[in-house]
Amino acid sequence: MRLSASFKVLGALAYLALCTSAQSIDEMYSTPWDVKEFVKRSDPKIEFKEGKPVLASIDKNGDNPLTVGLNIVDSQYTQQMGGVGAGITDAVSIVLQDLKLDMPDVYDEIIHLLYSQSDEWIEKGGAGLNLARSPLGASDFSTELYSLEDSKTSQRVDLTKSKKLWQTLLDIQKVNPKIQFYFLLWSAPSWMKDNGKMTQGGHLIQDQSVDYEQLYAKYIVDALVGIDKMGIKPSYLSLQESPQHVDNVVPTMQMDAAQQARLAKLIKPMLEKVGLGDTKILTLEASWDTAEYAMKTYAEAGEVFSGVAWQGYTPQNGPQSQAAFTEKYPNAEVHFTEVTRVITDTPWNNLRNGASTILMGSIAYGTQNVLLWNAVLRYTDDQRSGTYPSLPHACKICQAPIMVFHNTLKHCSSTQKRFMLKGEKSPDYLALDSVQSLAADSTEDTTSSQLRIRGLRFGRDGKLGKRQSGDGTTPPNETSTYVKSSDFETLAHLSLAIRPRSASGVYGKRISSFTSEEVAFGKAKGRVMAQVFEVAVDENTSRFTCILFNWNDNNETVYEPVKTVISFRGKIAEVTTVPGLYTFSWEAESSKNQKRVLAPLEDIQAMARNYPH
């Protein structure tokens with residue numbers, strides 16, 4: 001049966017009407033620069049209407065704010081997103097398991113705020129994370145140097161040194177059964193290394209009579225088998241943290257690209273043999289200045305690697321360093337697995353850095369999964385001047401998405417503090433039963449009648465009261481026991497943008513878009529930046545979500561609003577924001593016949609020229 005031309009036109013018009021009718025932005029999460037709102041949900045009821053797209057920004061004029069265009073090309077997508085998460089280190093598990101013993105309700109609340117994906121906990125301000133990353137053996141956020149096989153004679157993996165870590169992962173998995181676990185190594189056992197130490201770099205021993213690469217591969221696989229038997233299924237494995245880095249304090253080991261490729265070729269069939277063939281091996285696990293390393297390992301063993309793991313500790317190189325790898329290996333998974341902010345910086349500056357380098361930068365260059373380092377840490381004192389636990393001389397000002405207040409856990413804080421700040425010998429913090437013995441070791445006086453420092457209020461019973469802001473109210477990101485930091489904001493905004501909206505559990509796709517600022521200044525640059533995603537709701541409907549980063553703050557001097565004109569399928573919606581981070585969304589007909597294009601799309605000007613006016 002042949003349709004008439006007029007019927008085809010009517011059908012096309014009906015489809016267009018279906019796509020654009022009753023579209024309105026009905027969900028927004030807001031975090032302005034002054035944190036008066038903290039990932040606050042609202043329904044702004046902003047409708048799409050007739051209007052022209054803005055392809056060139058219009059500067060502020062009198063009472064009219066800077067106007068920026070955000071133009072969406074939903075016929076193209078760049079990458080399938082996979083999830084959001086944080087590191088669960090020894091330090092994190094120490095703080096959390098101590099909290100579980102002392103204040104189980106607060107422990108349960110924190111675990112759910114981080115990892116529950118239920119609508120109930122999202123409504124309560126949860127981040128809905130689905131990824132966790134943990135070291136195999138000691139890292140910078142351990143309390144002592146150790147491996148899982150310290151004895152050369154026994155050559156048996158011993159997982160009992162990290163009991164708190166495994167318990168924490170199991171507890172998280174109960175909250176989110178779909179959690180994916182990353183594991184990585186900071187060093188081989190000292191007896192496998194040519195310097196006999198877990199620090200100061202060193203290499204695997206080269207000995208004609210003993211194949212230490214084979215021993216190391218077996219060590220890694222044995223560890224994963226033991227973890228799997230606990231009910232913790234490894235999803236991703238990285239073979240060496242920062243493989244070219246040398247450090248006198250924290251565990252390190254040098255591993256050139258050729259050796260990492262050989263190890264991956266050894267380990268992959270071993271994993272398949274023990275039933276862990278689904279575990280994906282990632283290369284690199286280092287900062288943007290080591291991009292050539294990833295190119296070399298993939299050239300030698302791309303068939304056994306599943307992707308690359310980037311870290312964000314060299315902003316001078318920047319996320320654009322990901323571009324060459326993504327373009328050469330377009331089917332490789334791209335992960336951003338680590339960066340940590342510091343508490344000495346302002347919350348807004350930390351949020352600016354996270355939004356610009358990760359949410360806007362790294363994702364623009366192909367990143368699919370995003371993780372920060374420690375999920376939870378603890379303040380060292382009432383002034384919030386430091387954080388812990390960590391190795392002696394390791395980072396003492398590193399921030400986590402959730403920071404537990406110093407005096408929340410009275411029974412073990414002084415012992416931890418003595419070790420962390422004075423470098424004394426550590427008790428066995430990693431054993432689950434060690435907490436009981438620490439209670440008698442606390443010598444802190446938490447019974448002062450009324451101590452007020454930087455807004456922290458302690459009552460006569462020594463319990464921490466809510467921090468009061470200047471107007472006498474409690475900041476929206478604080479409770480009496482913990483505070484959610486700017487890192488929580490970074491993770492939450494991304495998670496809320498890409499989280500599954502259907503029973504399929506599939507995360508969103510990043511779809512093509514460009515701002516008028518990018519037309520003028522280049523990819524992922526400008527006073528306003530944005531990422532747009534499409535998340536399936538059902539077979540015919542999607543939720544389109546946008547993370548909008550407004551940093552029109554004139555170098556943190558004058559915080560000026562911006563009107564963003566969003567162009568979508570021939571209609572526009574106007575959103576006005578003060579500097580901050582915003583995630584908003586609307587429902588519409590699912591995109592049809594999408595084509596994947598490589599990220600990033602460098603020729604923004606060409607996109608603008610071809611965009612329907």
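Treat the numbers as computed from the prediction; the structure is a model and nothing was measured.
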Report task. Check whether the ring centres of Y507 and F533 lie less than 6.0 Å apart, and answer yes or no. Result -> no
**Report entry** Check: Y298 ring centre within less than 6.0 Å of F325 ring centre
**Finding:** yes
Query raised in the report: Is the closest side-chain donor-acceptor distance between T297 and T283 under 3.5 Å?
Result: yes
Query - Side chain N369, main chain V84, donor-acceptor under 3.5 Å - result: no
**Report entry** Minimal non-hydrogen separation, A332 against Q368, with atom names
**Finding:** O-OE1, 4.0 Å
**Report entry** V562 vs T576 side-chain heavy atoms within contact, under 4.5 Å
**Finding:** no
Query raised in the report: Are D74 and R569 ion-paired here, with the side-chain N under 4.0 Å from a carboxylate O?
Result: yes
Query raised in the report: Less than 6.0 Å separating the ring centroids of F336 and W310?
Result: no
Query raised in the report: Between S238 and E285, does any side-chain donor sit less than 3.5 Å from a side-chain acceptor?
Result: yes
Report task. Looking only at non-hydrogen atoms, find the nearest pair between M255 and Y293 and report the distance. Result -> O-OH, 2.7 Å
Report task. Please report the shortest heavy-atom distance between I281 and A264, naming the atom on each side. Result -> CD1-O, 4.0 Å
Query raised in the report: Is it true that the side chains of T387 and Q399 contain a donor and an acceptor less than 3.5 Å apart?
Result: no
Query raised in the report: Are any of the side-chain nitrogens in R133 or E338 under 4.0 Å away from the carboxylate oxygens of its partner?
Result: yes
Report task. Would you name the heavy atoms of Q311 and S242 that are closest together and state the gap between them? Result -> OE1-OG, 4.1 Å
Query raised in the report: Do any N or O atoms from the side chain of D247 and from the backbone of V250 form a donor-acceptor pair under 3.5 angstrom?
Result: yes
Query raised in the report: Should S513 and Q531 be marked as a side-chain hydrogen bond (donor to acceptor under 3.5 Å, both in side chains) after you check the CA-CA gap, both sets of side-chain angles, and the distance that decides it?
Result: CA-CA 7 Å; S513 66; Q531 299 287 8; 5.4 Å; no
Query raised in the report: Taking everything shown except K296 itself, do over 12 heavy atoms lie less than 6.0 Å from its NZ?
Result: no
Report task. Using atom types as modelled and distance alone, determine if a side-chain donor or acceptor of T541 lies under 3.5 Å from a backbone N or O of V537. Result -> no
Query raised in the report: Judged by modelled atom types alone, do T583 and H493 share a side-chain donor-acceptor pair under 3.5 Å?
Result: yes
Query - From CA spacing to verdict: ring-ring contact (aromatic ring centres under 6.0 Å, His included), Y29, F584 - result: CA-CA 6 Å; Y29 294 90; F584 52 85; over 10 Å; no
Query raised in the report: Below 4.0 angstrom, N of the basic side chain to O of the carboxylate: do E478 and R384 qualify?
Result: yes
Query raised in the report: Which residues pass the side-chain contact (heavy atoms from CB on, under 4.5 Å) test with S57, sequence neighbours left out?
Result: L66, V68, S516, E517, R527
Query raised in the report: Taking the six-membered ring of Y77 as reference, does the NZ or CZ atom of K509 fall below 6.0 Å from its centre and within a 45° cone about the axis?
Result: yes
**Report entry** Candidate list Y182, F183, F181, test side-chain contact (heavy atoms from CB on, under 4.5 Å), partner S134, passing option
**Finding:** F183
Query raised in the report: Under the side-chain contact (heavy atoms from CB on, under 4.5 Å) test, which residues partner T490, sequence neighbours left out?
Result: L351, L359
Report task. Using the test side-chain contact (heavy atoms from CB on, under 4.5 Å), find all partners of N331 that sit at least two apart in sequence or belong to another chain. Result -> R596
Check residues 299-308 and write down every donor-acceptor pair under 3.5 Å in which the side-chain atom is one partner and the other belongs to a residue at least two apart or another chain.
none

Query - Distance-only side-chain donor-acceptor flag, E589 / N540, under 3.5 Å - result: no
Query raised in the report: Does a donor on one side chain sit under 3.5 Å from an acceptor on the other, for T557 and N554?
Result: no
Query raised in the report: Any salt bridge between D553 and R352, counting N to O under 4.0 Å?
Result: yes
Requested in this report: Quick one: sort the W586 and F544 rings into parallel, tilted or perpendicular, breaks at 30° and 60°.
Outcome: parallel
Query - Pair R262 + D256: basic N to acidic O under 4.0 Å - result: no
Query raised in the report: Any side-chain heavy atom of T367 within less than 4.5 Å of one from Q322?
Result: yes
Requested in this report: Please assess W121 against Y115 for the test ring-ring contact (aromatic ring centres under 6.0 Å, His included), listing each intermediate value before the final yes or no.
Outcome: CA-CA 9 Å; W121 280 98; Y115 281 100; over 10 Å; no
Report task. Please report the closest heavy-atom contact between W373 and T340, naming both atoms and the distance. Result -> CB-CB, 4.2 Å
Query raised in the report: Is it true that a side-chain atom of T326 and a backbone atom of Y365 form a donor plus acceptor pair closer than 3.5 Å?
Result: yes
Requested in this report: For E534, check side chain to side chain donor-acceptor pair (under 3.5 Å) against everything at least two apart and list the hits.
Outcome: S542, S591, Q594
Requested in this report: Take N550 and W33, measure what side-chain hydrogen bond (donor to acceptor under 3.5 Å, both in side chains) needs, and give me the verdict at the end.
Outcome: CA-CA 9 Å; N550 174 353; W33 69 272; over 6 Å; no
Requested in this report: For V535, enumerate each residue passing the side-chain contact (heavy atoms from CB on, under 4.5 Å) test, keeping only those at least two apart in sequence or located in another chain.
Outcome: R501
